[in-house]
Amino acid sequence: MKIPIEFYRRPDPVQIARDLLGKYLFTRIDGVLTGGRIVETEAYAHINDQACHSHLGRYTSRTQVMYEPGGVAYAYLIYGRYTLFNIITNEASKADAVLIRGLEPTEGIPEMLLRRGVASVQRNLTGGPGLLTQALGITTALYGTSLTSDVVWLEDRGAPVPDTEIRASPRVGIDYAGTDAALPWRFRIIGSPWTSPAK
DNA sequence: GATCGGATTCCCT
DNA sequence: GGGAATCCGATCA
């Protein structure tokens, strides 16, 4: 079943990032269903977290959607070539987010192979934040789209992931965040081959 | 208007 | 393990 909007409006992005492991992310772009099981996430908080785009209330055309009530998509371009997909959480004006970093492909695999330009199902199909967006056809056009829509949404298919199968570690690529870079806000399912490479 | 750098990935060594 | 690709947003003027 589709995850209800209340799930996203809870106050703790770290808890939500952890809860999202084992859930499913789907898109229907151009009528084609693609998606898979979430195996790696990262939390970003609007307070006490220098790594977050909304740190200190930064409000620009890029970050404005973060201030919406939780449950919308925040997609943006990074390094000029990759789109990253985030879920906005918490209530309006409390601009928290969870980045989806790894997916285990389950639906629409032929279409995802096509979009990625790879020949067979392997780690580089959806293992990595810039790759899974490509596979699912996610672009900045989805900026601000509701996660209860029929374009991009998440589902709970049961089978929650027990704590013993979850590993927390520091986030990567955010050295500019100073001491906040050490926060263990990256969550992954232990042993999943679809997580991005450990650094 | 110009400059700087990034929540990444790929390819080459 | 290291550098290139590549462009938008942020910042400063």
Exercise. On a whole-Å scale, what distance lies between the P atoms belonging to B:dA7 and C:dG1?
Worked result: 23 Å
For this session: Counting heavy atoms from C-beta on, name the nucleotide in B:dT8, C:dA10, B:dC10 closest to the side chain of A:R58.
Result: C:dA10
Problem set entry | Is_stacked (A:Y44, B:dA7) at 5.5 Å, 30 deg | yes
Exercise. Hey, is the side chain of A:T60 poking within less than 4.0 Å of OP1 or OP2 on C:dA10, counting only N and O atoms?
Worked result: yes
Exercise. Counting side-chain heavy atoms from C-beta on, which of B:dC10, C:dA10, B:dA7 comes nearest to A:Y176?
Worked result: B:dA7
Exercise. Counting only side-chain N and O atoms of A:R116, is one of them less than 4.0 Å from OP1 or OP2 of B:dC10?
Worked result: yes
Exercise. Any idea which of B:dT9, C:dA10, B:dA7 is nearest the A:H53 side chain?
Worked result: B:dA7
Exercise. Among A:R18, A:R171, A:R101, A:R188, which residue meets the salt bridge (charged side-chain N to carboxylate O under 4.0 Å, His left out) test with A:E42?
Worked result: A:R101
Exercise. In the strands shown, is C:dC8 matched to any nucleotide by a Watson-Crick or G-U wobble pair with both distances under 3.5 Å, and which?
Worked result: B:dG5
Seminar exercise, completed: Closest to the side chain of A:P129, out of C:dA10, B:dA7, B:dT9, is B:dT9
Problem set entry | Ring centre gap for A:Y143 and A:Y76 strictly below 6.0 Å | no
Exercise. Which part of the nucleic acid does A:L77 contact within heavy-atom distance under 4.0 Å: base, sugar-phosphate only, or nothing?
Worked result: sugar-phosphate
For this session: May I have the step-by-step check of side-chain hydrogen bond (donor to acceptor under 3.5 Å, both in side chains) for A:R115 and A:Q134, ending in yes or no?
Result: CA-CA 6 Å; A:R115 287 174 180 158; A:Q134 233 175 58; over 6 Å; no
Exercise. Between A:T34 and A:T27, do the side chains contain an N or O donor and an N or O acceptor separated by less than 3.5 Å?
Worked result: yes
For this session: From the options B:dC10, B:dA7, C:dA10, select the nucleotide whose nearest atom is closest to the side chain of A:N124.
Result: B:dC10
For this session: Looking only at side-chain atoms of A:Y79, point me to the closest of C:dA10, B:dC10, B:dT8.
Result: B:dT8
For this session: Provide, to the nearest angstrom, the distance between the CZ atom belonging to A:R62 and the C1' atom belonging to B:dG5.
Result: 11 Å
Seminar exercise, completed: Heavy-atom closest pair (A:P105 atom, A:V121 atom, distance to 0.1 Å) is CG-CG1, 4.4 Å
Exercise. If you check the A:R81 side chain, which of B:dC10, B:dT8, C:dT6 turns out closest?
Worked result: C:dT6
